Asker: 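Below you will find the structure I want to go over with you.
Atom set for the values below is all heavy atoms of this structure, side chains included, hydrogens, waters and symmetry mates excluded. Letters A, B, ... are given to chains in the order of the sequence lines, protein chains preceding strands, and every chain is numbered from 1. This is a predicted model, so every value here is computed, not measured.
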Amino acid sequence: MQGDISFFEKVYAVVREIPPGRITTYGAIAKYLATAGSARMVGWAMNQAHGCCPFVPAHRVVNRLGLLTGKHHFGHPGAMQELLEAEGIVVKNDQVMDFARLFWDPATELRL
DNA sequence: AAGGTGACAGTTT
DNA sequence: TAAACTGCCACCT
């Protein structure tokens with residue numbers, strides 16, 4: 001929104017770096033931003049993500065349980081699951097299957 | 001300027 | 001064993 005690079009922009013940047021078919025958690029992003037305690041902030045950043053111009057693959061961000069907690073914030077509930085399935089991610093009962101295998105940790109993958 | 005909010009995470013009862 | 005509570009930090013009104 002503002003030209004200033006806020007915490008949200010950092011979150012968006014990391015989320016946009018998530019490879020297709022992969023997912024990450026709020027805590028992982030928060031930790032990568034050196035604000036592990038602000039995992040809630042990451043979630044809230046996603047709340048504004050839908051208004052961000054470059055599309056933010058928020059559907060690739062789930063809680064550490066692999067649950068699509070924020071699916072209700074998408075245009076239509078289920079859209080998040082469809083987006084994940086479109087990338088080859090299996091979602092069952094709002095839960096990501098093989099979560100640990102598809103998990104993409106920016107602090108590990110992106111920091112190299 | 002101050003208070004309230006939030007798509008979590010970790011700990012405890 | 002499962003469920004509930006608190007802590008947390010940055011943004012918004």
Asker: In whole angstrom, give the distance that lies between atom CE of A:Met46 and atom C1' of C:dC12.
Answerer: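 Rounding to the nearest Å, CE of A:Met46 and C1' of C:dC12 are 17 Å apart.
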
Asker: May I have the step-by-step check of side chain to side chain contact (heavy atoms under 4.5 Å, CB included) for A:Asn63 and A:Thr25, ending in yes or no?
Answerer: CA-CA 5 Å; A:Asn63 64 353; A:Thr25 66; over 6 Å; no

Asker: Please answer whether the main-chain N or O of A:Asp105 pairs with a side-chain N or O of A:Thr24 as donor and acceptor at a distance below 3.5 Å.
Answerer: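 No; judged by distance alone, with no hydrogens or angles, the pair does not exist.
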
Asker: Can you tabulate the close N/O pairs, meaning under 3.5 Å, that link protein atoms to atoms of nucleotides 11-13 of chain B?
Answerer:
none

Asker: Got a salt bridge between A:Arg60 and A:Glu87, using NZ or NE/NH1/NH2 to carboxylate O under 4.0 Å?
Answerer: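 Yes.
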
Asker: Detail all sub-3.5 Å separations between protein N/O atoms and N/O atoms belonging to nucleotides 7-10 of chain C.
Answerer:
from  : atom 1 : to      : atom 2 : distance (Å)
C:dG7 : O6     : A:Arg40 : NH1    : 3.2
C:dG7 : O6     : A:Arg40 : NH2    : 2.9
C:dC8 : N3     : A:Arg40 : NH1    : 3.0

Asker: Indicate every side-chain donor-acceptor pair of residues 65-76 of chain A with a distance under 3.5 Å to a residue at least two apart or in another chain.
Answerer:
from    : atom 1 : to      : atom 2 : distance (Å)
A:Lys71 : NZ     : A:Asp94 : OD1    : 3.0
A:Lys71 : NZ     : A:Asp94 : OD2    : 2.8

Asker: Regarding A:Asn63, tell me which of base, sugar-phosphate or nothing describes its non-hydrogen contacts under 4.0 Å with the strands shown.
Answerer: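 Since only primed, P, OP1 and OP2 atoms lie under 4.0 Å of A:Asn63, the category is sugar-phosphate.
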
Asker: Over how many whole Å does the gap from A:Gln95 atom CD to B:dA7 atom C1' extend?
Answerer: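 After rounding, the gap between these two atoms is 16 Å.
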
Asker: Base, sugar-phosphate, or nothing: which does A:Ala36 touch, judged by heavy atoms less than 4.0 Å apart?
Answerer: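 Nothing, no nucleic acid heavy atom in range.
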
Asker: A:Gln81 has an atom CD; how far is it from atom C1' of B:dA7, in whole Å?
Answerer: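 Answer to the nearest Å: 16 Å.
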
Asker: CZ of A:Phe74 versus C1' of B:dA7: gap in Å, rounded?
Answerer: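 Going from A:Phe74 (CZ) to B:dA7 (C1'), I get 9 Å.
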
Asker: Using atom types as modelled, flag every donor-acceptor pair under 3.5 Å from a side chain in residues 34-47 of chain A to any protein atom, sequence neighbours excluded.
Answerer:
from    : atom 1 : to      : atom 2 : distance (Å)
A:Thr35 : OG1    : A:Ala30 : O      : 3.2
A:Thr35 : OG1    : A:Ser38 : OG     : 2.9
A:Ser38 : OG     : A:Thr35 : O      : 2.6

Asker: Using whole Å, report how far CG of A:Asp94 lies from P of B:dA7.
Answerer: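 Spelled out: CG on A:Asp94 to P on B:dA7 is 15 Å.
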
Asker: Using the salt bridge (Lys or Arg N to Asp or Glu O under 4.0 Å) criterion, which residues pair with A:Glu85? Sequence neighbours excluded.
Answerer: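 Salt bridge (Lys or Arg N to Asp or Glu O under 4.0 Å) list for A:Glu85, sorted by chain: empty.
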
Asker: Is the backbone of A:Ile18 close enough, under 3.5 Å, to the side chain of A:Arg22 for a donor and an acceptor to pair up by distance?
Answerer: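 No, A:Arg22 side chain to A:Ile18 backbone: no donor-acceptor pair under 3.5 Å.
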
Asker: Starting from A:Phe8, can I reach A:Val56 by hopping between I/L/V/M/F/W/Y residues whose side chains sit under 4.5 Å apart?
Answerer: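 Result: yes, single cluster for both.
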
Asker: Which whole-number value in Å describes the distance from A:Tyr26 OH to B:dG10 P?
Answerer: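 These atoms are roughly 14 Å apart.
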
Asker: Residues in side-chain hydrogen bond (donor to acceptor under 3.5 Å, both in side chains) with A:Glu17, at least two apart?
Answerer: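 For A:Glu17, no residue satisfies side-chain hydrogen bond (donor to acceptor under 3.5 Å, both in side chains) once neighbours in sequence are set aside.
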
Asker: Without decimals, in angstroms, what is the distance between A:Asp105 CG and B:dA9 P?
Answerer: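 Distance, rounded to whole Å: 12 Å.
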
Asker: If only side-chain N and O atoms of A:Thr69 are considered, is one of them under 4.0 Å from the OP1 or OP2 phosphate oxygen of B:dC8?
Answerer: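 Affirmative; the distance criterion is met.
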
Asker: Taking CD from A:Gln48 and P from B:dG6, how many angstroms apart are they, rounded to a whole number?
Answerer: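 Taking CD of A:Gln48 and P of B:dG6, I get 11 Å after rounding.
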
